[in-house]
Amino acid sequence: MCGIVGYIGTKKACPILIDGLMRLEYRGYDSAGISTLEDNYISNMKNVGRVKNLYDLDGINNLNGTIGIAHTRWATHGKPSKENSHPHMDNSKMFSVVHNGIIENYQELKLFLEKAGYSFLSQTDTETIPNLIHYYYSKDTNNDDKRFLRAVSSACKDLNGSYAIEVICKDYPDLMIVARKDSPLVIGSGINENYIASDIPAILSYTKNFYLLDDNEIVELYKNKINFYDINLSKIDKDLKSIDWDAALSEKNGYEDYMLKEIFEQAHTVRETIGSRLVANTPVNFDDINLSKDYLESINQIYLVACGTAMHAGLAVKPLIEKLCKIPVTVDIASEFRYRNPLIDNKTLCIYISQSGETADTLAALKLAKTCGAKTIAISNVIGSSITREADFTVYTHAGPEIAVASTKAYTSQVTILSLLALYFGEVLGISSKDEIEDIKNELLLLPEKIQTVLENIEDIKEFAKKVYTEKDIFFLGRGVDYTVSLEASLKLKEISYIHSEAYAAGELKHGPIALIENGITVVGIITDHNLVSKSVSNIQEVITRGAKTLIITNQDLENKNYDMVINIPKTNPFISPILSVIPLQLFAYYISKEKGLDVDKPRNLAKSVTVE
Ligand code: F6R
């Protein structure tokens with residue numbers, strides 16, 4: 001998705017803006033641009049392709065302005081081109097604007113502005129914004145220090161849809177205005193300088209102190225002063241928040257790719273997720289949500305709602321919540337949930353899972369549940385992200401910044417935190433076996449060590465990836481939680497290797513998919529639940545008989561039954577085995593992508609955080 005960076009201070013803005021854009025490259029984009037303001041003149045430079053292509057532009061090194069805005073664009077309205085990339089300016093070149101989000105009524109606004117004499121150079125929705133700001137600015141006869149602010153506020157009131165915008169005006173060389181609605185924006189505060197970004201990692205190396213903007217807020221940013229307003233320009237107060245992410249966590253630290261680094265961080269990140277919530281022989285600690293026994297006894301259903309990998313994390317933990325709480329759990333795709341009139345009332349608990357906390361569908365699904373009277377819990381990795389501000393309660397995964405587009409450490413942290421939540425509910429309700437709860441708790445505490453063991457034995461998976469990287473289709477099979485891991489493994493492979501792949505519940509094989517199995521095809525089997533071993537083994541034998549090459553991920557002592565490769569992982573409680581069994585499969589996808597020479601961290605067409613529908 002698009003990225004935004006801004007700077008106002010005493011230093012040259014251009015290198016800071018380009019550095020920030022480079023740190024946002026992981027979000028996915030097709031073009032980039034910057035505007036800086038100097039001597040009452042706005043320079044506007046943009047280019048298609050990589051951020052570094054900005055350095056090919058004549059004069060870029062001569063931009064000395066100390067105030068500037070910048071953007072990476074991921075095309076929505078109009079193809080990737082120089083004209084369509086941001087910043088966009090109004091006809092008189094007085095205002096320059098970058099925008100994330102979608103202006104739904106832009107056709108209407110364009111017609112209105114065209115009638116008022118404005119013309120348009122691009123096919124974007126964004127170009128209406130600077131012209132609309134100019135329209136209100138030129139109508140305002142009061143030439144005081146709030147004229148710029150009033151024009152932006154009036155324009156924002158006309159915009160339907162979502163936006164995070166930065167605006168500079170050549171008449172106001174010391175002021176930048178930013179605003180947001182349904183699209184993330186943070187302000188990093190420094191001494192005699194302020195930074196703006198759509199994502200914290202873009203400016204984390206400059207400051208750890210942030211203001212998090214809420215919807216319909218407008219901000220005046222000077223180098224040494226920040227004024228916050230609501231949409232009607234009444235002043236509001238905001239707290240400065242300190243974010244304890246280490247800037248080094250946003251670097252590759254010697255790894256070839258962010259994805260590999262993030263896979264290898266998982267022993268650490270799962271330990272961080274567990275944090276002080278779980279200590280041996282003590283009840284699981286969720287002081288931050290503190291749901292009473294009466295409340296938990298009153299609810300009759302739980303929804304886990306999310307998209308993509310985060311939804312797979314929900315699927316992995318559904319069986320544990322149902323086992324320990326005896327409450328039916330529905331895992332739903334946020335984009336489906338929000339439009340299908342789900343049955344929700346005050347006896348429903350809705351849990352929303354989102355690494356970024358900014359996924360548009362997940363956020364909308366959360367808002368829907370609130371209007372129906374349900375209690376909501378947000379599970380997010382990003383402090384202060386939008387879903388955390390909407391939900392009744394928030395639980396952070398504490399996995400640190402995830403930069404690679406393909407999610408890895410966020411998934412294992414989500415499964416870990418949801419498992420802890422299931423244990424907490426189970427302990428409060430007190431209806432399941434104490435021994436079972438204790439076993440899962442003990443096993444969770446041992447996970448970081450076991451993850452490390454998996455990560456120290458990666459040669460076989462690398463070798464198997466080398467054998468099959470030219471395949472056209474790869475199948476994943478599993479039962480129970482192993483099926484949920486199959487779904488995640490298949491998604492990972494598709495995303496970064498572009499190999500077509502399908503995941504099936506192994507028992508479904510005979511109901512259709514087995515027709516696809518032919519000589520030489522690759523099938524990956526996941527077998528970790530001791531109750532289901534013989535069933536899964538039979539299914540794998542069925543595909544071997546039909547000529548499939550097989551890779552098996554298991555923690556069971558399987559007899560050699562003609563498998564091509566077996567990856568043994570440590571035993572654990574079956575309910576939490578996805579946290580271990582997914583890791584070799586993350587690596588499988590990674591090494592296949594590398595063998596194919598692809599850009600692992602930035603797969604085609606994908607964005608890290610999907611802030612529009
Ligand atoms: C897959 C992946 C996506 C995200 C999905 C939800 O590797 O990263 O499927 O899991 O877009 O994103 P969040 O968790 O930010 O809501």
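Every number for a ligand or one of its atoms is a count from 1 in the order of the listing.
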Among all the protein's non-hydrogen atoms, which is closest to [atom], and how far away is it?
atom: atom 12 (O) of ligand 1; value: Thr359 OG1, 3.5 Å
atom: atom 15 (O) of ligand 1; value: Ser356 OG, 2.6 Å
atom: atom 1 (C) of ligand 1; value: Glu495 OE2, 2.9 Å
atom: atom 5 (C) of ligand 1; value: Cys307 O, 3.6 Å
atom: atom 4 (C) of ligand 1; value: Thr309 N, 4.1 Å
atom: atom 11 (O) of ligand 1; value: Val610 CG2, 4.2 Å
atom: atom 14 (O) of ligand 1; value: Gln355 N, 2.6 Å

List ligand 1 atoms under 4.0 Å from [X], heavy atoms only on the residue side.
X: Ala310; value: 10 (O), 14 (O)
X: Gly308; value: 9 (O)
X: Ala406; value: 7 (O)
X: Ser354; value: 13 (P), 14 (O), 15 (O), 16 (O)

| task | Check each heavy atom of Met311 against ligand 1 and say whether those closer than 4.0 Å belong to the side chain, the backbone, both or neither. | result | neither
| field | Region of Glu358 that comes within reach of ligand 1 [heavy atoms, distance under 4.0 Å] | value | neither
| said: Before we go on, tell me: are the rings of Tyr411 and His312 under 6.0 Å apart, centre to centre? | reply: no
Taking N or O atoms only and a 3.5 Å limit, does [X] qualify as a polar contact for ligand 1?
X: Lys492; answer: yes
X: Val405; answer: yes
X: Thr362; answer: no

| request: Report yes if some heavy atom in the side chain of Leu320 is under 4.5 Å from a heavy atom in the side chain of Glu322; otherwise report no. | output: no
| task | Would you mind reporting whether Leu291 and Phe425 have side-chain heavy atoms less than 4.5 Å apart? | result |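 In contact.
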| query | Which of these passes side-chain contact (heavy atoms from CB on, under 4.5 Å) with Ile351: Val305, Leu366, Leu421, Thr376? | reply |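 Testing Ile351 for a side-chain contact (heavy atoms from CB on, under 4.5 Å) against Val305, Leu366, Leu421, Thr376 leaves exactly one candidate, Leu421.
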| request: Grab the two heavy atoms, one from Leu418 and one from Ala313, that are nearest each other, plus how far apart they are. | output: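 Reported closest heavy-atom pair: CD1-O, 3.9 Å.
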| query | Near Lys52 NZ, under 6.0 Å, is it more than 12 heavy atoms from other residues, nucleotides or ligands? | reply | no
| task | Take atom NZ of Lys323 as the centre, draw a 6.0 Å sphere, and report whether it contains more than 12 heavy atoms from other residues, nucleotides or ligands. | result | no
| task | For Ile499 and Ile592, run side-chain contact (heavy atoms from CB on, under 4.5 Å): C-alpha distance rounded to whole Å, both residues' side-chain angles, the deciding distance at 0.1 Å, then the answer. | result | CA-CA 9 Å; Ile499 293 176; Ile592 287 188; 3.6 Å; yes
| Option among Glu488, Gln355, Gln414 that satisfies the side-chain hydrogen bond (donor to acceptor under 3.5 Å, both in side chains) test with Thr309 | Glu488
| Carboxylate-amine/guanidinium proximity below 4.0 Å for Glu463 and Lys466 |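 Here Glu463 does not pair with Lys466 in a salt bridge, since their nearest N and O are not under 4.0 Å apart.
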